[in-house]
Amino acid sequence: MHTKSENRAKHLNVFLGMAGLVCILLACACLVLLLSLQVDDLWYWYRNVQEKLTQLEAYIRSLRPYYFFIPAVLLTYTARGFVPIFSISAICLMVGVALPAYLALPLNLIGVAIIMTIKYYKGKRSGGGTALRFFVKNVPVRKLLERDGAANPWLLFAFRLIPSFPEGSISRIYGAMDFGYKRYILISLAGFAPKLFSYTFIGQNVFDPLSAKFLTPIIVILLISGFSLLFINAIWSFVDKNVQLTLQERIAMRTKRKKRLKEWKEKIL
């Protein structure tokens, strides 16, 4: 009989594999869309639409000064650390739309670091919440999360690569497990960097949605996400298999002990 925690873990395992395949298929679809722009009729239609988008872009870029916008963005990121008002991807996109790349990239990097720091210290102070309790109850998941008795840094990096993965839960878990802050923030930002760059450049080119500059970052995000999900799914399956083998070995050893004890009692009697 499987416990509820084990059943949830198996469902999550299946979901990760399916989600990884979906991401890779969506990346292929975006690539097909990019190649289809070589068709003259479609390109002519898109050029007419793009003229209107260019006018809108010129208006937004003309909004000045930037120094009013930067504090508002930092406040939004700080608020996001406490209340999930917007997704991180949405904020990165908006900053990419409104600011030039040389301002948008460092601003998004600082903002993401603020969110991750707030969530980390919330976990350090009040625990990892329901996500950590789920991991602790399930043996394969716990084995996956731990490495040499401590939180697994490679898994943290892999989690940060996946878009829409609950970054707050992961941050709180690693805070609750007393993972060193410096290592945590460096690994987290390194893993999040491909998404941060992609989201920012998507925002930079949002007014040219069928261009290679817009579609290529989306393809990159989807491919990284897909292969990261498949990688985590494969590691999870491997750990789960080893745990099951260990349990079977324990059951076999107990059976042998009972058999030997029974034989010893029969000899005595």
Side-chain angles (χ1 to χ4, degrees), residues 12-37 46 53 57 73 76-77 80-81 84-116 119 153-171 184-236:
L12 186 56
N13 194 9
V14 173
F15 172 76
L16 288 175
M18 293 297 294
L21 291 174
V22 168
C23 286
I24 293 172
L25 289 173
L26 287 173
C28 293
C30 288
L31 184 60
V32 171
L33 177 61
L34 185 59
L35 294 174
S36 68
L37 291 177
Y46 176 62
L53 292 174
E57 179 183 14
V73 171
T76 302
Y77 272 117
R80 174 61 176 77
I85 46 178
F86 298 109
S87 65
I88 294 179
S89 58
I91 302 173
C92 288
L93 283 169
M94 288 188 288
V95 174
V97 171
L99 297 177
Y102 66 86
L103 286 176
L105 285 171
L107 190 59
N108 280 334
L109 185 66
I110 294 169
V112 169
I114 289 172
I115 292 175
M116 291 179 175
K119 295 291 187 181
W154 295 104
L155 191 64
L156 173 62
F157 181 80
F159 279 140
R160 294 307 191 197
L161 287 172
I162 305 170
S164 302
F165 204 86
E167 81 289 333
S169 298
I170 296 302
S171 299
Y184 159 80
I185 199 66
L186 288 174
I187 293 171
S188 293
L189 291 176
F192 199 85
K195 293 190 291 185
L196 188 143
F197 277 86
S198 297
Y199 292 142
T200 303
F201 282 109
I202 289 170
Q204 291 281 302
N205 299 283
V206 73
F207 298 103
D208 193 5
L210 294 184
S211 66
K213 291 181 180 179
F214 180 83
L215 291 174
T216 301
I218 295 177
I219 294 171
V220 170
I221 289 175
L222 289 170
L223 287 176
I224 290 175
S225 303
F227 286 113
S228 298
L229 286 166
L230 292 177
F231 171 74
I232 292 174
N233 183 59
I235 296 297
W236 192 328

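Worth knowing before you read on, the calculation uses all heavy atoms, side chains too, and leaves out hydrogens, waters and symmetry mates. Being a predicted model, the structure only gives us computed values, none of them experimental.
- Atoms CG and CD1, on L156 and I187 in that order, are 5.5 Å from each other to the nearest 0.5 Å.
- Around the CZ atom of F197, the shell of radius 6.0 Å holds no more than 12 heavy atoms that belong to other residues, nucleotides or ligands.
- A distance of 11.0 Å separates OG in S89 from CG in L196, rounded to the nearest 0.5 Å.
- Separating the CG atom in L229 from the CZ atom in F159 is a distance of 9.5 Å, to the nearest 0.5 Å.
- Closest of all the heavy-atom pairs between L161 and G191 is CD2-O, 3.3 Å.
- By the 4.5 Å heavy-atom criterion applied to side chains, F192 and I88 are counted as neighbours.
- Using a 4.5 Å heavy-atom threshold, the side chains of I221 and Y199 count as touching.
- Contact check for V73 versus M94: no side-chain heavy atoms found under the 4.5 Å cut-off.
- Remark: side-chain polar atoms of R80 are paired, donor with acceptor, to backbone N or O of F86 under 3.5 angstrom.
- A donor-acceptor contact shorter than 3.5 Å links the side chain of Y184 to the backbone of M116.
- Between L93 and I202 there is a side-chain heavy-atom pair separated by less than 4.5 Å.
- Put simply, the side chain of Q204 gets close to the backbone of L99: a donor and an acceptor are under 3.5 Å apart.
- Closest of all the heavy-atom pairs between Y77 and I91 is CZ-CG2, 3.4 Å.
- For the pair L222 and A27, the tightest heavy-atom approach, listed with the atom from each and the gap, is CD1-N, 3.5 Å.
- The minimum heavy-atom distance linking G226 with I24 is given by the pair CA-CG1, 4.0 Å.
- When all heavy atoms of F201 and P217 are compared, the pair lying nearest together is CB-CG, 4.3 Å.
- In this structure a side-chain-to-backbone donor-acceptor pair under 3.5 Å is missing from K119 to I170.
- In this structure, the side chains of S171 and R160 come closer than 4.5 Å at one or more pairs of heavy atoms.
- The structure places CG of L105 at 11.0 Å from CD1 of I110, a figure rounded to the nearest 0.5 Å.
- Nearest heavy-atom pair, V112 versus C92, reported as atom, atom and distance to 0.1 Å: CG2-SG, 4.5 Å.
- Atom CG in L21 sits 11.0 Å away from atom CG in L26 (nearest 0.5 Å).
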